[in-house]
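Notes for the one structure printed next.
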Amino acid sequence: MAQAPDMYQRNIDSDIQFLPGVGPKRAALLRSELGIATIGDFVRIYPFRYIDRSSVQKIASVPVDAAYVQIQAKVVRTMLMGSGSRILYMRDLQGALRGDGSVPGYAAPTGSDRAAEGKIQFSQAKRLSVIVDDGSAQMELVFFKGIKYTFERLLPGSTFLFFGKPSVFGGKVNMVHPEIDNPLLPGSGAGGVMTGVYSSTDKLRSGGITGKVMNKLMDTALSLVLPEVGETLPEYVLRDKRLVPLTFALRNIHFPTDAESLQKAQRRLKFEELFLLQLSLLRQKYVRSRGEKGIPMPLVGKDFNDCYNALPYSLTGAQKRVIKEIRADLMSGHQMNRLLQGDVGSGKTMVAVLTALIAVANGCQACIMAPTEVLAQQHFANISRYLAPTSVKVALLTGSSRTAERREIDAGLRDGSLGIIVGTHALIEDTVVFKRLGLAIVDEQHRFGVDQRARLWAKNADGIPPHVLVMTATPIPRTLAMTLYGDLNVSVIDEMPPGRKPVETMLVTEKRRFALNKFMREQISQGRQVFVVYPLIFESEKLDYKNLEQGYERMVADFPFPPYKIAIVHGQQSSEDKKFNMEAFAAGRADILVSTTVIEVGVDVPNASVMVIESAERFGLSQLHQLRGRVGRGSDKSYCILVKGDKVSKESQKRLELLCSTEDGFTLAEEDMKMRGPGDLEGTQQSGLPISLNIASLAKDGRLLEEARGYADGILALDPVLEKPENALLAGELAGDKYKKEDYSKIS
Ligand code: ADP
Ligand code: MG
């Protein structure tokens, strides 16, 4: 509810409607569109770019490949274009409006016809073409949306600032959908050379809150609020990090006096944002690691050593390091909550097995959960092999386990004779009772829902929650991991076992289908197997299944039986069919496996040496990378062939080329984040990005984030709960709502 201002209330806490120039209607808009409640909130909305009068370029010298340019030019002609590039209406410097006769009621070019104005049928216009001139040359600006509004605004003869990305069309430089601003007259605006531009919405604009109004309101808001603004960071932090005071930063982020002041303001505000967030995450992590009691597991045990000594290879340095990190957690007496990241094939299973054996050595049981039945089976087969030299009993429990089998498993879990259980979600059903569950390992974290995790959590032994290790093959960029999982312990296997052959990745179009088929036949004749994967996206599921079906039929025609055998696996099959087809391929009875992304996670068929990905542009980068990880596991040279459609956006093309250029999952994840921003990253959609950063960017401000985190860590090392007087400000900031809600990243 809006509160009337009273003499005790500070401006900074006042409802936004009381900012002069706002009122109840605009306040409602600001609240719904931008989430602004108070005047204090308002000044914390920052411009996303600045109009810089000092950097206006001449049209004649606009570089073709410039990222963005700003020109100041006069409109000389506007044209509403119909289909087939026909001019429907044209308005020129004389202010005349002409119709070409194609619209009922108009004769062929008639010269001036002002009466026509009210009758323009904008719905017939396909685009708006605007010719502007700045004295050096002319340029065409093109609009496909907002045609009416723009046509009426850009009257020939008037001058505007246009900001946009130049492109080349028909040999000429033009701009599509540039942003339009009123020209900056000398001395206009509240600041110096630069004026802030705020993100806006149609609703805001039609509610009268235009860019200009925002600038004006911001000026008023700052004059009310700045005298009341206190520091959020202690004196010593400002000194250590050479940061400008908050009042300076706020004034200059909105109305920079020059480029240097703007840069200082940005650095200060970004640091503040990243630092306070990391401080809150690290403090939670600290509190958690002290707080939650965990089952102490000091012993390694004979089984661990028997398993370890029987390994046909030695562990990689990264595997050894991660096991050490896990051991330290298990011995600490506090509950382990650790995320293990490692690319496909980096050897996470081995780490899981050794960790489970530690739990068993300390009188506990361990469960290992996989997201699908196929994967659970595969895990079980691998793990049984690793456990052969030990005395530990292991079983598999899935939805399709038979009753008799189940009874035996239940008994073994209750009396403790079963040390390790591998399975699917079936493991967390209430009917599954352990004697003493000490460790839960979850493969592919994002496939489990929150409530499922909670149930697992409740299967504790003696009231003490089990240790939790979550494994994921989706590499997450470091900066994102530090933020999403900032309060967890994260281990990374960043080294591949020796002997893995590089996978040759190629990008082809439909035109190369014939050559591709020939290549597949060659590989098959050498005894190799081939994966063919089709996209399956929830929103276009029906169509995707149709594509899969057609693809399968074409495949059957191109690779007839005999001699070729093709298996198919997809989500609409019964689990028996799926299993039958999967097993046929895994056992080498089929040459080709056509599937949707069900094979994405984990299945191991070392003899498969070719991965063909259809409509590759429709997959995300990390998904493609995961799929590619399915080949290159055996001793043969392997290939990943990306088949792209005819019309692929520049961005998709770039992504596909990037995939061809590197096999490092972390590099790909970093690049993907740079290209698409962290919000779109796979593996994070489900959880979403829990905090919204106001000014800093995980993709662009990685160095500052590391600096802020390191610095926060140092402060907490000296004052873990922020109780020293010099940290009172920080404790106060972290007590704010923003930092309270989130225990979002608790993974179990
Ligand atoms: P992930 O689960 O991380 O995708 P896996 O645990 O399935 O990877 O391991 C992939 C393959 O590498 C397996 O065949 C495994 O036996 C093998 N492997 C694991 N660790 C090593 C190592 N240190 N040296 C050689 N091979 C290894
Ligand atoms: Mg695995």
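For the numbers below, each heavy atom of this structure counts, side chains included, while hydrogens, waters and symmetry mates do not. Each ligand, and each atom within it, is numbered from 1 in the order the structure gives.
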- Task: Test side chain to side chain contact (heavy atoms under 4.5 Å, CB included) on R628 and E663 and set out the steps.
- Result: CA-CA 9 Å; R628 176 169 60 181; E663 272 197 74; 3.9 Å; yes
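- Checked by atom type, the side-chain pair E373/T424 shows no donor-acceptor distance below 3.5 Å.
- Between Y639 and F519, the ring centre distance stays below 6.0 Å.
- For D343, the heavy-atom gap to ligand 1 drops under 4.0 angstrom.
- Comparing P498, P312, A352, P497 against atom 26 (N) of ligand 1, the shortest heavy-atom distance belongs to P497.
- Screening L357, D306, N382 for a side chain to side chain contact (heavy atoms under 4.5 Å, CB included) with L387, the sole residue that qualifies is L357.
- With a heavy-atom cut-off of 4.0 Å, Q319 touches ligand 1 through its side chain alone.
- Near V344, meaning under 4.0 Å from any of its heavy atoms, are these atoms of ligand 1: 4 (O).
- Taking the six-membered ring for Trp and thresholds of 30 and 60 degrees, F531 and F585 have ring planes inclined between 30 and 60 degrees apart.
- Heavy atoms of N382 found under 4.0 angstrom from ligand 1: none, in either backbone or side chain.
- If you number the atoms of ligand 1 from 1 as listed, the ones under 4.0 Å from a heavy atom of Y386 come out as 15 (C), 16 (O).
- Shown in contact with L315 at under 4.0 Å from a heavy atom are these atoms of ligand 1, numbered in order with element: 23 (N).
- For ligand 1, the polar-atom distance check against G347 finds a nitrogen or oxygen pair separated by under 3.5 Å.
- Between Q365 and L413 the shortest heavy-atom distance is NE2-O, 3.0 Å.
- The neighbour count for K579 NZ, taken as heavy atoms of other residues, nucleotides or ligands under 6.0 Å away, does not exceed 12.
- If you number the atoms of ligand 1 from 1 as listed, the ones under 4.0 Å from a heavy atom of T316 come out as 23 (N).
- Each of the atoms 2 (O), 5 (P), 6 (O), 7 (O) of ligand 1 lies under 4.0 Å from some heavy atom of T349.
- The side-chain tip of R414 does not point at the ring of F434 from less than 6.0 angstrom away and within 45° of straight on.
- Using a non-hydrogen distance threshold of 4.0 Å, G342 does not register as a contact of ligand 1.
- Ligand 1 has a nitrogen or oxygen under 3.5 angstrom from a nitrogen or oxygen of G345.
- Within 6.0 Å of CD on E408 lie no more than 12 heavy atoms contributed by other residues, nucleotides or ligands.
- Here S314 has backbone heavy atoms under 4.0 Å from ligand 1, and that is the only part of it that gets that close.
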